[in-house]
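The shown structure was predicted, so the numbers you read here are calculated from the model rather than taken from an experiment. Start at 1 and go down the list; that is how both ligands and their atoms are numbered.
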Amino acid sequence: MPIKKDKILSTSINKKTSSLMDDFNSSIDVDQRLIQEDISVTRAHVDALFKLGVITKSDLAKINKGLSSIQKDFDQKKIKFTKQNEDIHMNIEFFLHKKIGDTALKLHTGRSRNDQVATDTRLWVMKSSLHLQNEIKKLMKFILKQASTHKDTIIPGFTHLQVAQPILLAHHLLAYMEMFNRDLNCFDFSYKGSDENVLGSAALAGSNYSIDTNLLNKKLKFTKSKENSMDGVSDRDFCMYFLNACAMNAIHLSKLSAELVLWSSNSFGMFKVDAEYSTGSSIMPQKRNPDSLELIRAKANIIRTKNIEFSNIISGLPLTYFKDFQEDKRIIFEAYDELLICLRVMTDVMKKSEFEKKQGLQICNQYFATATDLADYLVIKKNIPFRNSYKIIAQIVNFAQKNKKILSDISLEEFQHFENSINKDIYDYIDVEKSLYRKKTKMSTNPKLVSKQIDKYSNLLK
Ligand code: ARG
């Protein structure tokens, strides 16, 4: 009995699937986003089929023309994918059949949707890793610009959110440059981990046709093929690498946004979020809320959970392909979309907002940020063991707090009351700016070394 024409691409046997199942089973709403990758993969595949003699030159031309026309229809929003055709792969084949007739029926020779979808997804992750790297670099550019502007702006460095020691704002911002630079490396890893062509694995056991995998790699710009077809169709580790990179970047964005929210509060007064990225309150006229940063903080924490969501899908699955994998794409797309907008907003916030120049210095003075320098003064100049000098300075700070003084308000006589060898060179060690220049190690906040770091990153981002 000849097969009915409208059934020719259907994967259901004997009985039609219920419409509820069609809805449930289909992924077209999500995976149509892979249309470009799927068409590229199919173009490479038909080149290989032509080389094998499975299709003729005129078949090849017809198929390629049909694929171009599908892409064009899609770009012009003229195509209406259906859930009955399940996913992007079946939909494209369906429309190709409609456009070029039975030549399209040769398309799926020697391959499976299992190797097809894995390859499409790898191409998408490679493309998206590069794209996110670019966005991170843009953010880094504006963080670096702020660092250059604030080469001599002094702020308190905190531990436990308590004023600890004076640092340069530039030094603080450069710490984020380090984090974002590591994120670039994570996305490198995600790119490289995806760079294995799965085509040739077919359903799971490999193809019955000696498809030229070198040709496929060349066409699709993969550097190599998978070594094992079963790993080929079931490996989704590359998505985990991608989501891990997204999570790391999101963690860094959430730290930065949380910090800036804090700094923009009245109590800190160290940062002013640009008006374009803050909103007023509907009731309190004096308010300026850093909503943009609060949203980045929340969204970043959602992105961070995507790798857990993903690992829940792949963990515990025996080999090889299961429909479970169909749920993978939604997760990586969501992570990408949310991360992209967070990066863009953070970049613009960094570009347009202002750090306060004076507030940090005042906080340093008010909260004894150079107390450690004073302890070191007694070690270096007076040969007092550190544990003892620490105790002496603790007493001095106590005294100052009780008498509502800052360190520079304390007279020499008062100092000498705690340690009689102290002389007036102690005031040098109270000075916040001098504290910075006293730092010796290469990773320190010494302004000379911070300048070097700024130069390093300007070269790196060129
Ligand atoms: N839409 C499917 C997915 O995303 C394509 C692969 C279908 N393979 C299969 N054996 N049913 O995973």
Side-chain angles (χ1 to χ4, degrees), residues 7-42 44-45 70 74 79 81-97 107-128 194 196-208 220 226 228-240 242-243 306 309-336:
K7 285 272 171 64
I8 227 152
L9 293 176
S10 168
T11 55
S12 59
I13 305 152
N14 299 331
K15 206 170 161 193
K16 241 178 128 227
T17 46
S18 86
S19 68
L20 183 60
M21 175 58 179
D22 287 344
D23 254 7
F24 191 58
N25 191 38
S26 89
S27 56
I28 187 64
D29 288 347
V30 173
D31 63 22
Q32 56 180 281
R33 196 161 162 171
L34 292 176
I35 185 168
Q36 253 176 28
E37 284 76 17
D38 201 66
I39 286 179
S40 304
V41 163
T42 294
H45 178 67
I70 290 172
F74 179 80
I79 211 159
F81 295 130
T82 64
K83 296 204 171 185
Q84 286 81 355
N85 284 315
E86 249 186 84
D87 54 23
I88 186 64
H89 327 291
M90 299 294 281
N91 267 284
I92 288 183
E93 220 178 308
F94 173 82
F95 282 108
L96 193 66
H97 189 222
L107 190 66
H108 212 51
T109 317
R111 73 169 180 183
S112 152
R113 277 185 298 160
N114 297 355
D115 59 351
Q116 194 179 348
V117 70
T119 308
D120 289 4
T121 310
R122 281 170 182 273
L123 287 174
W124 183 89
V125 169
M126 287 157 80
K127 173 179 87 179
S128 304
S194 310
E196 282 185 310
N197 195 349
V198 178
L199 295 180
S201 302
L204 76 161
S207 179
N208 286 347
L220 294 169
K226 266 283 177 196
N228 181 299
S229 61
M230 304 207 31
D231 187 46
V233 296
S234 63
D235 172 15
R236 295 292 183 278
D237 294 0
F238 66 99
C239 295
M240 286 297 294
F242 176 71
L243 291 170
K306 293 290 168 193
E309 211 178 310
F310 197 94
S311 67
N312 284 337
I313 291 179
I314 60 172
S315 178
L317 285 185
L319 295 176
T320 52
Y321 178 86
F322 291 92
K323 200 63 172 250
D324 302 52
F325 288 135
Q326 185 161 281
E327 290 298 312
D328 60 1
K329 287 165 285 300
R330 177 186 57 77
I331 302 172
I332 54 174
F333 294 162
E334 280 171 3
Y336 174 85

Using side-chain hydrogen bond (donor to acceptor under 3.5 Å, both in side chains), reason through D87 and S27 one step at a time and then give a plain yes or no. CA-CA 5 Å; D87 54 23; S27 56; 4.7 Å; no
Restricting to side chain to side chain contact (heavy atoms under 4.5 Å, CB included), what partner residues turn up for S40, sequence neighbours left out? L220
Using salt bridge (charged side-chain N to carboxylate O under 4.0 Å, His left out) as the criterion, list what pairs up with D328, not counting sequence neighbours. R236
CG-CZ distance between D120 and R113, expressed to the nearest 0.5 angstrom: 12.0 Å
Among residues at least two apart in sequence or on other chains, which ones pass salt bridge (charged side-chain N to carboxylate O under 4.0 Å, His left out) with E37? K127
Which label fits Y336 and F242: parallel for a plane angle under 30°, tilted from 30 to 60°, or perpendicular past 60°? parallel
Close N/O pairs between ligand 1 and protein, under 3.5 Å:
unit_1, atom_1, unit_2, atom_2, d
ligand 1, 1 (N), D87, OD2, 2.8
ligand 1, 1 (N), Q326, OE1, 2.7
ligand 1, 4 (O), K329, NZ, 2.7
ligand 1, 8 (N), N114, OD1, 2.9
ligand 1, 10 (N), N114, OD1, 3.0
ligand 1, 12 (O), Y321, OH, 2.4

